[in-house]
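Here the structure is laid out as structure tokens; the discussion comes afterwards.
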Amino acid sequence: SQELEQSPQSLIVQEGKNLTINCTSSKTLYGLYWYKQKYGEGLIFLMMLQKGGEEKSHEKITAKLDEKKQQSSLHITASQPSHAGIYLCGADNTDYKLSFGAGTTVTVRA
Amino acid sequence: DTGVSQDPRHKITKRGQNVTFRCDPISEHNRLYWYRQTLGQGPEFLTYFQNEAQLEKSRLLSDRFSAERPKGSFSTLEIQRTEQGDSAMYLCASSLGKGPWDTDTQYFGPGTRLTVL
């Protein structure tokens, strides 16, 4: 099965500062999904990347897929308290089910 | 579009009891998935439906677990003779259902948190 490793496991950032989360796959990435989860709640879909070199942005969140390195990154610019939560990357293995990383917990300090 | 809903949101039960969870997918979504998530981990796939047909089950789904999706609409996940190790968040997701080589975004419900005492 595909394994995804996320780094860092957790991070604390000052409000207004930028942050980056990485997701590395043990196999070729056919589709990479980023979700956000508040503690004890469900997953909220952020973005999906499919093509090598693809980059997508939504508000202050940008995600990139480096297919050659089997890696994706999620970057948040000028972080706000609303960005706090657990960020999860999920890989589509073309067999419908998603394999997830363990998540990165983001804390934004005022 | 009301999103994926799950009921109940929380369930506390004693070891050995049976529990049933319900998931209502986004309308017109053909695919429905069940995942389990334990503290500090990402969701793990349990099973998947294409309309009413259950097409895949993870080895995590022991014979105490059973899932159904009658008429291809809502789904239920039943756990018989619960064990303390079953304590987890059970997440349901649905997707529109495209061709086999198309990516197909899964939208998740709020989850059902099960605690087995």
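Every chain is numbered from 1 and lettered A, B, ... according to where its sequence line falls, protein lines coming before strand lines.
Ranked by heavy-atom pairs under 4.5 Å with chain A, the first of B/G42, B/G111, B/S58 is B/G42. Note: B/P43 leads B/P110, B/P43, B/G40, B/G109 in heavy-atom pairs under 4.5 Å with chain A.
Residues B/Y107 and A/F45 place their aromatic rings such that the two centres sit under 6.0 Å apart.
Heavy atoms closer than 4.5 Å to chain B are found in the side chain of A/L88, but not in its backbone. For B/Q37, the part sitting under 4.5 Å from any heavy atom of chain A is the side chain, from C-beta outward, and nothing else. Residue contact with chain A, scored on non-hydrogen atoms closer than 4.5 Å, is absent for B/L55. For chain B, the nearby parts of A/L98 are the backbone and the side chain; heavy atoms of each come within less than 4.5 Å. Proximity to chain B is absent for every atom of A/Q9, based on heavy atoms less than 4.5 angstrom apart. With a 4.5 Å cut-off on non-hydrogen atoms, B/E56 touches chain A through its side chain but not through its backbone.
Close approach to chain A, defined as a heavy atom under 4.5 Å from one of its heavy atoms, is seen in no residue of residues 73-81 of chain B. Listed by sequence position, A/G101, A/A102 are the residues of residues 101-110 of chain A in contact with chain B, using a 4.5 angstrom heavy-atom cutoff.
Here the closest non-hydrogen pair linking B/T47 and B/Q54 is OG1-NE2, 2.7 Å. For B/D104 against B/G97, the heavy-atom pair with the smallest separation is OD2-N, 3.0 Å.
Ring orientation note: the planes of A/F100 and B/Y35 are nearly perpendicular, at an angle over 60° on the 30°/60° scale. The aromatic rings of B/F108 and A/Y35 sit perpendicular to each other, their planes meeting at more than 60°, with 30° as the lower class boundary.
Distance alone, capped at 3.5 Å, places no donor-acceptor pair between the B/T112 side chain and the B/Y90 backbone. A donor-acceptor contact shorter than 3.5 Å is absent between the side chain of B/Q6 and the backbone of B/F21.
Checking A/L49, A/L46, A/L43, A/D92 one by one against A/Y33, the side chain to side chain contact (heavy atoms under 4.5 Å, CB included) holds for a single residue, A/D92. Among the candidates A/I21, A/L19, A/L11, the single residue satisfying the side chain to side chain contact (heavy atoms under 4.5 Å, CB included) test with A/Y87 is A/I21.
The side chain to side chain donor-acceptor pair (under 3.5 Å) pairs that include a residue from residues 12-22 of chain B are B/R22-B/D24, where partners are two or more places apart or lie in different chains.
In this model, no donor atom of one side chain and acceptor atom of the other lie less than 3.5 Å apart for B/Q106 and B/Y48.
Counting heavy atoms from C-beta on, the side chains of A/W34 and A/C23 come closer than 4.5 Å.
Judged as a side-chain contact (heavy atoms from CB on, under 4.5 Å), and not counting sequence neighbours, the contacts of A/H75 are A/N18, A/T20, A/T77.
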